[in-house]
Chemist: 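The structure is given below, and queries will be raised subsequently.
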Number of protein chains: 2
Amino acid sequence: MVKYCSDLTNRSSFIWKKHTLPPEPIAFRKISKRSQNQTVILKAAEKVFAEAGFAGATTQLIADVAGLPKANVHYYFKTKEELYRRVVYNIFDTWMEAASAFDTALGPKEALSRYIDTKMELARSHPYGSKVWAAEIMHGAPIIQDYLEGQLLDWSKDRGQHIERWIKNGEMDPIDPAHLLYLIWSTTQHYADFGHQIETLNGGQPYSDAQWKAAKRSVKTIILKGVGLTPD
Amino acid sequence: MVKYCSDLTNRSSFIWKKHTLPPEPIAFRKISKRSQNQTVILKAAEKVFAEAGFAGATTQLIADVAGLPKANVHYYFKTKEELYRRVVYNIFDTWMEAASAFDTALGPKEALSRYIDTKMELARSHPYGSKVWAAEIMHGAPIIQDYLEGQLLDWSKDRGQHIERWIKNGEMDPIDPAHLLYLIWSTTQHYADFGHQIETLNGGQPYSDAQWKAAKRSVKTIILKGVGLTPD
DNA sequence: ATATTTTTTGACTATATGGTCAAGTATTGT
DNA sequence: ACAATACTTGACCATATAGTCAAAAAATAT
């Protein structure tokens, strides 16, 4: 895929007076329009898929949230399924990128600690993505199955081997690596997927910065101690 | 609601030859037919809602899974939403019943240990219910919000106070009770909600009895050690 | 036996929604 | 300036589906 500029660049947020300012480079504008609209639509779609599920998400609602007419959404994404695919792929990419925080060059304590932190931050910053992912898996991973069997399996095996090495070296207590990973995944994602429940039990208030910090600390403390490491 | 007999009794599993066997008591049969069909429909609905989501679940599919014509489903449950409500209420009841396994009369080790065991067993025996619950919360708890603010909040507060007492008595390490509960909920439910992912990472094989046992053991080990208790 | 109530079921309807299209507008290339 | 390309959008259509209904069958009561 060719990329002329970052999707994050959003030059349309400026208001250009006609003919009073120099035109942008051609290639830039050409791509910008597409990628700009696609980004807006993808963001809206992620939210709507998360809150209504695939079947409950209507292209009309996605269009409304994106602030575009429905036909325009279909201009950029042929079908609702294609749009959904793109959303799911983006989430998977984000997650795999975060997975690199599990850096086995560091010791178990640092590696696990940083991985948990990263996952918690992702739960906070990408709650919609997390929910879409959860729903995708719960429905049998119709779209992402190949990736599960490929990249995710490889990553899990690799990290599992490092964990087993640490255990053999006496750097942490013996535990089945798979269950440790599941525990980390589930706990961190819970703060996104069940954010509504947590908010309700928090007196209807969303977590403050301090509460997020405390949550991260609590989760890290239990898990690290749980595998025989000493949290700071 | 009047109940003449348990829903679990299923006398239709026998094949009665016409006029060769004595008829069942009238009151029994009258209710039996209703509750029997309702039970079948509710079970089918739970599965379909879990696998397709509320919007994706069609009454036709629910009827097919239940082995009945669609109109018959609507005879027992006026609307799809009513059927969904009943499914969600049943799940909540099951969960609150399991919540009593968190018996604070026992010490922290036994209480937590049994609660985790019970939740793990529930994840294994009621995976569909768990998924429906997860989706309900992820979509903002449109149906179950009142129960979250009532029963679940009360239960959590109560158990939280007991945990704090244990901590004060030096029976376990200091930890915010809310995060401990979330960690237990998320981890145990993960084995239901993300069962598909776990199965994929398990070489496409569902967990055997031994694997479930090992999973329970691993989860209990990490959590108990994580709060300063010594697992067996 | 007969009346009454409950259950069954195919056929039907109203509506919502994914997707199309063609006509128009804006942008870009020469 | 002009042609070509890319984007926009209201109107439209085919289909799927929640829910209805009436007529019949079965079960139950008297």
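Because the structure is predicted, anything quoted here is derived from the model rather than measured. The sequence lines fix the lettering, A, B, ..., with proteins before strands; numbering per chain opens at 1.
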Chemist: Once each nucleotide of nucleotides 12-23 of chain C is scored for protein heavy atoms under 4.0 Å, what B/S/- sequence comes out, 5' to 3'?
Modeler: -----SBBBB--

Chemist: So, OP1 or OP2 of C:dT7: does either fall under 4.0 Å of a side-chain N or O from B:Y75?
Modeler: yes

Chemist: For the rings on B:Y89 and B:Y147, is their centre-to-centre separation under 6.0 Å?
Modeler: yes

Chemist: Could you check whether the rings of A:Y182 and A:H179 sit parallel, tilted or perpendicular, using 30° and 60° as the cut-offs?
Modeler: perpendicular

Chemist: Can you measure B:N72 atom CG to D:dT20 atom P for me and round it to whole angstrom units?
Modeler: 15 Å

Chemist: Please check: side-chain N/O of B:T187 versus main-chain N/O of B:I184, any donor-acceptor pairing under 3.5 Å?
Modeler: no

Chemist: Expressed in angstrom and rounded to an integer, what is the separation of B:Y84 atom OH from D:dA18 atom P?
Modeler: 15 Å

Chemist: side-chain hydrogen bond (donor to acceptor under 3.5 Å, both in side chains): which pairs involve residues 69-80 of chain A, sequence neighbours left out?
Modeler: A:N37-A:Y76

Chemist: At under 4.0 Å, does any side-chain N or O of B:N37 touch on OP1 or OP2 of C:dT8?
Modeler: yes

Chemist: When you measure from the side chain of A:P69, which nucleotide among C:dT7, C:dT9, D:dT9 comes out closest?
Modeler: D:dT9

Chemist: Return the set of residues passing salt bridge (Lys or Arg N to Asp or Glu O under 4.0 Å) with A:D209 (not counting sequence neighbours), or none when no residue passes.
Modeler: A:R124

Chemist: How close or far is atom C1' of C:dG10 from atom CG of B:L68, stated in whole angstroms?
Modeler: 15 Å

Chemist: Rounded to the nearest angstrom, tell me the gap between atom CZ in A:F77 and atom C1' in D:dC7.
Modeler: 14 Å

Chemist: So does B:R34 get a side-chain nitrogen or oxygen closer than 4.0 Å to the phosphate oxygens (OP1/OP2) of C:dT7?
Modeler: yes

Chemist: Check the phosphate of C:dT8 against B:Y76, side-chain N and O only, distance under 4.0 Å to OP1 or OP2. Yes or no?
Modeler: yes

Chemist: Answer yes if the ring centres of A:Y191 and B:W185 are under 6.0 angstrom apart, and no otherwise.
Modeler: no

Chemist: Do the side-chain N and O atoms of A:Q145 and B:H196 include a donor-acceptor pair separated by under 3.5 angstrom?
Modeler: yes

Chemist: Which angle, to the nearest 10 degrees, lies between the helix axes at the two ends of the helix from C:dA1-D:dT30 to C:dT30-D:dA1, each defined by five pairs?
Modeler: 20°

Chemist: Not counting sequence neighbours, which residues clear salt bridge (Lys or Arg N to Asp or Glu O under 4.0 Å) with B:E81? List them please.
Modeler: B:R85

Chemist: Sorted by first residue and then second, give each salt bridge (Lys or Arg N to Asp or Glu O under 4.0 Å) pair with at least one member in residues 42-57 of chain B; sequence neighbours left out.
Modeler: B:K47-B:E51

